[in-house]
Each structure stands twice: as C-alpha cells, then as structure tokens.
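The structure appears below as structure tokens.
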Protein chains: 2
Amino acid sequence: MTRNDQKRVTIVDIAREAGVSIKTVSRVLNREEGASAEVRSRVETVIEKMGYRPNASARSLSSRRSYLIGVIFQRLGGYHYVGEVQTGALRATRRGGYQLVVEQVETPDGVFDAEAVTAILRNTTFDGLVLTPPLCDDPRILEAVEAADLAYVRMAPNADLDRAPYVWMDDEGAAREQTLSLWEMGHRRIAFVAGPEDHRAAIQRRQGYLRAMAERGVAVPDAWIASGDFFGMSGFKAGDALLSLPEPPTAIFAGNDEMAIGVLAAAAKHGVPVPDRLSVVGFDNAPNGASAWPPLTTVHQPIAEMAEAAVDLLIKRFGDARFREQEHSRKLDYRLVVRDSVSPV
Amino acid sequence: MTRNDQKRVTIVDIAREAGVSIKTVSRVLNREEGASAEVRSRVETVIEKMGYRPNASARSLSSRRSYLIGVIFQRLGGYHYVGEVQTGALRATRRGGYQLVVEQVETPDGVFDAEAVTAILRNTTFDGLVLTPPLCDDPRILEAVEAADLAYVRMAPNADLDRAPYVWMDDEGAAREQTLSLWEMGHRRIAFVAGPEDHRAAIQRRQGYLRAMAERGVAVPDAWIASGDFFGMSGFKAGDALLSLPEPPTAIFAGNDEMAIGVLAAAAKHGVPVPDRLSVVGFDNAPNGASAWPPLTTVHQPIAEMAEAAVDLLIKRFGDARFREQEHSRKLDYRLVVRDSVSPV
DNA sequence: CTGAAAGCGCTTACAG
DNA sequence: CTGAAAGCGCTTACAG
C-alpha cells in the first residue's frame, strides 16, 4: 500500500514524445475525427509505451462533465433489488465511460433523511441520477433533484409520468398471465396474497390477477384475497388462513416471492404437500425463491435490464443536442419462470 | 429534466462579493485555520446567499485527489452481503467527504473477467479501494491493484495478511460460542453442516464447532458433520441425511443461514417440529433467516461495520503523513442472535 | 490573519 | 488534417 509520488505521465509528455500537439493527442484519446491513421497509431504507441492514463479530473473540469452517474436507493441493505439495479446500471455506465456512485437516503434507523438528500446533491457533481422506487415518487426527492437542476430517470414510477423519463414493466399483464397459466393447469380455486396497498407493483399485480379471473368468468370471493405486506411472515399468515378455509384453494398466487415462501411454510404447517395438493407461485424471481423448497415458480422481473435502460436513457440526453434522442420511456419484458412448486390439478 | 446553462457561481464570485481573495474563500470552505471569525462568517453568508457549490473536478485537479473510493465485488447481484458492505462503506465515505463508486469483476455469465479489472483501474481515479472476499485473496486482483499503485484495504482476507491493511471478525470464536450455547441448553448430539472447503469463513466456523465439542470432551463422529456449499439445497440434503440417522441429532448448526433454512425444510419433510424436537441455528444473520419460519437463531456478522472500518482505515492513510495512522487491521465483534428456532432439550 | 501568482491536465473554440 | 492559445475552478506554495 504505497502512494507513488513520481510525476505522472501527462498529455504533454505524450505530445512531445509523439511529436504532435496535445490537441492531437486529445483527438486520439477521444476518438475524434481529424487525425490521420499514421499519426493516430503513432500516438497510440506512445500512450501504450509510457503507460499514460488521462487525468479524469482535468477532463471533467474542462469538459464540464463529472462522468459520474448516481443511483439513489431508499435503503442499500438486505435487498436483492439493490444488487440487480447496480449490475444493470454498471453495464450501461461502463459502455458510456461513466462511473457509478451509490447513495442512500435513509438513516441507519430507517428514517427518511431529507437533509441527506440535500447534502448528497450539494456536495456532489453527478451528470445524472437514477431514482429507484419508492424514492422516485417522493415529492421531496423530486423537488430537491429538480432544484439542483440535475438530469434524472425514474425506475417504475407510480404517477406523474410526464415529469421525467422512466423505465417500467407490465406488472399487471404479468400477473394476469401467471394466473391464466394456473387456470390452464386446471386450477379453479386460485387465491391471491396481495402486497401493500400503497405500492404500485402490488396494486398492479392484484389487478392482473382479478382481470384474469374475470376473463374466465369467475367472481372472486373476498376470502380468496388475503392481504400481506411483501414480507415472509405475512405470506405465512395469509397461507395459514387460506388453507383453513372450508374449501381451501388448490393454488395460491403470492404477490411476491417472499410471501410465497411464507405460503410454503404455512403449507408445511398444514401438512399439505407442495405441489401435489397445492400449487404456489410468486413474483419477482428473487434468489430466495430459487433456493426455496420446492423451488418456486414465479415471474422474472427484469430489474437489471430496467436499470441498464434507465442509464441508457440518461446518457443519451448528454449527447450532442442535435442528435439527442428524446426517448421518454422504455418498457421491459417480464418472463414466467416455471419451477417445481406447481402441478396440474 | 433540464440542464442549466447559465453560468455557475464560482469561488471568484464569492471572493468578489465578500471582498476577500479566493484563497480566503478556499480557507473557509476547507475549514482551514487563518481566517478571522468575522471574515469567516461574512464569506459563509455570501456562499449561502449565492447558493455556491464548489466544483469537485477543480478541487480534484489541483489537490490531486479524486475523493472517490471504490468498492469492488465479485458479483453485485443477489446477495445480502453487497448491500451491507455498501451501507457501512457509505457511512465512512460521507464522513470523510468521499463518494462511493461500485464495481464488479464478473462478466454477466459469471466468468471472472481479468480484463475488467485492468480496465477499471485504467479508466478511473480512485483514491483508494476496498476489496471484498473472495477477490481480496485473488492474486491477479492484488497484482493489478498494486501495479496501479492504489491504496487498498481488504475485508476478511484469507492469507498474506501483512500485504495490506484489513478488517475481520472471529468466525471461529463465534462458532465455538454458538455451539456452546446449544450445549448449555442441554443438547449433546449437535450436528454441523459445513460450508465449502476452500472458503475461509467455512473452515473457521467448522473449527469453532469442533473446538467447542472438544472442550466438552466430545469426540464428534464423522456422521455428525455434513458437507454443504453455503446454498440452501445443500442444507436441505444435509438435514435430510442427518435426520435419517439411527440416532438423529437434537440440534443442527448450519455454517450459514441459507443452509439452515434448507435444514428447516428437511425438518418439515421429516415431520420434525422445530424447535420442539429439533433446534436449528445458522450463521450470518441474513434477512432470509429472520423471515424464515420459525425465525432463525444465528450469529450476527457485522458486515456493515467491517466495511465502515475498512473505509476508515483507507481514509486515514490519505491524511498528513506526520499524523498518518498506521493501523494495519481492525477486528469487529460478532453477536449471537437468539430467535425461535432453538429450545432446551 | 490575508493575498497574488502559479499551476493542476485536460477540452473548447478558433484559425489555418 | 493539425495546432496555439485560452480557460475550466480550484489548491498549493509562498510571501508578507
């Protein structure tokens, strides 16, 4: 662990060694037009030979770009979502020559920290920001970001869609499709475990379930819809209640994988084998679901792809105004993931 | 989503408005000594009034610091570890005025990407790097980082401990303590599900278990130690095998929470109620374990605190050489987490 | 306690 | 196709 204090190689050194001006070196570095193939290759050789690495700060200062894109989370911890977003975002930032900076707005005790947002925006110089849910619908955040005059893209926003570019997937359509696939296996008594009422994805998934059932002419009794909060314990309680019904369902569709895992535990408690006597499906394709027993049938939510698209939308806005694409939103595809927690009736 | 093209307020504007030199403004900004209280407050007022935000690139260029700290992961996705590391690291970077940049070295298909490492180090200007396991023991990574002459700190390294500063926790001691706590509840037939043989934490945890049993005078039969790979399915198989023994254990200690959850599933399969007829404990304090049923007794691994300490060690090295602390390692404390998956015999 | 000058290493805007 | 000059907005090193 040392710091090298010997002088760094700069663009001037390269220019001198290659017998050209620094402007020409700059052209080669940035793949600009206007350098003959001969000069270009000579400069590249010298760069390679001297191990030259451009100074990012100098580049930023003169170009007025930080080459930093921030992604802000409510909470970084304990969440598969976070890693997926970063994986996707990183693919896009690398392609574009940007670096990915992470931030979160919650205090350690889980309180929303309005000052943190202001501080983040005050002390930093992002070229753009990716806002994840539920932050992307928080008016305090949006106002702070807009006051700082920062470009931003939202992931799966709930409302006010014209306000800024966004990426999304069709939760309702996916839930409908998942429900229909249970129907096609012969299931008729299909129950649903809903997520929190104020959560966009939860609402949409519930609507998709209801729509599918309505399309098949089924009036869903209230008892078939249990309410949950996206956490495992609520799925357990919901499953427990549903399996205690006089005529229990043959299939339970939980609004996310965590709750579906809770349903599996409830089935174990009731001595109901899955999938032989009960089919269970989830939503999200969380790693927990894949390692559950039996492995959970679910819907793949393309989180990484959504984040990648979000960064792409952002970067495109930084380009030359004449060619700047004004793509306002991008929709990503879901995919049903069939594992071992379902079987035909 | 707009970009403001009006001229930014700079240090020159503040200096003019406050009637001082830019050097004095700089002193106030950086809380340097040598500015009277009167001047200081006058400058601060002007800064506030004009909404001045220092340009980070300019600061970096002249101070030869990027104020960027990188944290490199093998894989960003699907892992509770990643979020915890970032949460802790972010606490420390914020305190020190740094930003946290994330990177991963695996390609999307899970292949180690040696070129990615070189590219990361080539295109970026970190002041320092946090290396997470198992990267922190990968000679290719270490060589690349050292060749780039970058300061770095390792989290829970396996070997070659003198090579660079590091943070760690006592996995062996924790596993010993967890085993002894089962013993004190009256358990005598305590089985262990081991993690992968090439994984430092897995080895240490197994040794802690064996040490505790040896201290109590028990020669552990081979059949009591099942081998796993830290994934849930291996825990399920291990539990299945252990519960099929002629004299099954009354307690199973799994080397991590994922495998412990698999053991719970095996217990359900065997119709063995947990904790009434079988106690199950894990290790890590992963969120999965908390939402398992029954909620899992485990050992809290202070991942966030380790990451925070790692960044602290790094930042201290950047300070004035005269006061630079040469703290080489820091040990963090574990903590037993008692939930509902254990009961006395 | 305060400031004038130089310089960090690039890109931009312009000229030829 | 190529380059000389100016400038980005700070900090450093030095002087008083």
Side-chain angles (χ1 to χ4, degrees), chain A residues 4-44 46-47 50-67 97 123-125 127 318-321, chain B residues 4-44 46-47 50-67 97 123-125 127 318-321:
Chain A
N4 193 340
D5 288 324
Q6 71 196 340
K7 260 224 231 113
R8 272 226 164 289
V9 178
T10 74
I11 197 171
V12 174
D13 302 313
I14 302 300
R16 188 188 309 116
E17 191 72 14
V20 296
S21 70
I22 61 168
K23 174 63 213 182
T24 293
V25 178
S26 175
R27 283 193 182 93
V28 173
L29 288 172
N30 297 300
R31 303 177 207 293
E32 280 172 33
E33 295 180 357
S36 68
E38 190 267 321
V39 166
R40 191 174 295 274
S41 93
R42 178 150 43 99
V43 170
E44 277 165 354
V46 175
I47 287 174
M50 301 185 73
Y52 168 62
R53 292 166 45 192
N55 179 311
S57 304
R59 180 169 173 241
S60 295
L61 179 58
S62 49
S63 67
R64 292 144 188 281
R65 297 245 190 108
S66 67
Y67 292 94
N123 300 325
T124 59
T125 43
D127 287 343
F318 305 153
D320 187 315
Chain B
N4 193 341
D5 287 325
Q6 70 196 342
K7 259 222 228 117
R8 272 226 166 289
V9 179
T10 73
I11 198 171
V12 174
D13 302 312
I14 303 299
R16 189 188 309 116
E17 191 72 13
V20 297
S21 70
I22 60 167
K23 174 62 214 180
T24 293
V25 177
S26 175
R27 283 191 182 96
V28 173
L29 287 171
N30 296 300
R31 302 178 207 292
E32 281 173 32
E33 295 179 358
S36 67
E38 190 267 322
V39 165
R40 191 172 294 274
S41 93
R42 178 149 45 99
V43 170
E44 277 165 353
V46 175
I47 288 175
M50 301 186 72
Y52 168 63
R53 291 167 45 191
N55 179 309
S57 303
R59 180 170 174 239
S60 294
L61 179 58
S62 49
S63 67
R64 292 143 188 282
R65 296 243 190 107
S66 67
Y67 293 94
N123 299 325
T124 60
T125 44
D127 287 341
F318 304 153
D320 186 316

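All values reported here derive from a predicted model rather than from experimental measurement. Chain letters run A, B, ... following the sequence lines, proteins first, then strands; residues in each count from 1.
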Letter by letter from the 5' end, nucleotides 10-16 of chain D scores (B base, S sugar-phosphate only, - none; protein heavy atoms under 4.0 Å) BBBB---

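- Taking atom CZ on A:R64 and atom C1' on D:dA6, their separation rounds to 12 Å, with Å as the unit.
- Taking both residues in full, the closest heavy atoms of B:L61 and A:S57 are given as N-CB, 3.7 Å, listed atom of the first, atom of the second, then distance.
- B:N30 is listed as a side-chain neighbour of B:R59, based on a closest heavy-atom distance under 4.5 Å.
- The side chain of B:T24 sits closest to C:dT2 out of D:dT2, D:dC8, C:dT2.
- The CG-P distance, from B:L61 to D:dC8, rounds to 13 Å in whole Å.
- In this structure, A:G97 and A:Y67 approach most closely via the heavy-atom pair O-CD2, 3.8 Å.
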**OP:** Run the numbers on A:N55 and B:T125 for side chain to side chain contact (heavy atoms under 4.5 Å, CB included), then give the verdict.
**Re:** CA-CA 8 Å; A:N55 179 311; B:T125 44; 5.6 Å; no

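- Per the geometry, CD1 belonging to A:I14 stands 12 Å off C1' belonging to C:dG9, to the nearest Å.
- With hydrogens and angles disregarded, a donor-acceptor distance shorter than 3.5 Å links the side chain of A:D127 to the backbone of A:S66.
- The distance between atom CD of A:E38 and atom P of D:dT2, rounded to the nearest whole Å, is 8 Å.
- Rounded to whole Å, atom P of C:dG3 lies 13 Å from atom CZ of B:R40.
- Using a 4.5 Å heavy-atom threshold, the side chains of B:V20 and B:R42 count as touching.
- In this structure, CG of A:D13 is placed 9 Å from P of C:dG9, rounded to the nearest angstrom.
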For DNA chain D, the expected dot-bracket line (Watson-Crick or G-U under 3.5 Å, [ ] crossing, | inter-strand) is |||.||||||||.|||

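- Comparing A:S57 and B:S21 against DNA chain C, the residue whose closest nucleotide sits nearer the 5' end is B:S21.
- Considering only heavy atoms from C-beta on, B:S26 comes within 4.5 Å of B:I11 through its side chain.
- Side-chain contact between B:Y52 and B:L29 is present, with heavy atoms from C-beta onward closer than 4.5 Å.
- At a threshold of 4.0 Å, the pair B:E32-B:K23 counts as salt-bridged, since one of the basic side-chain nitrogens sits closer than that to a carboxylate oxygen.
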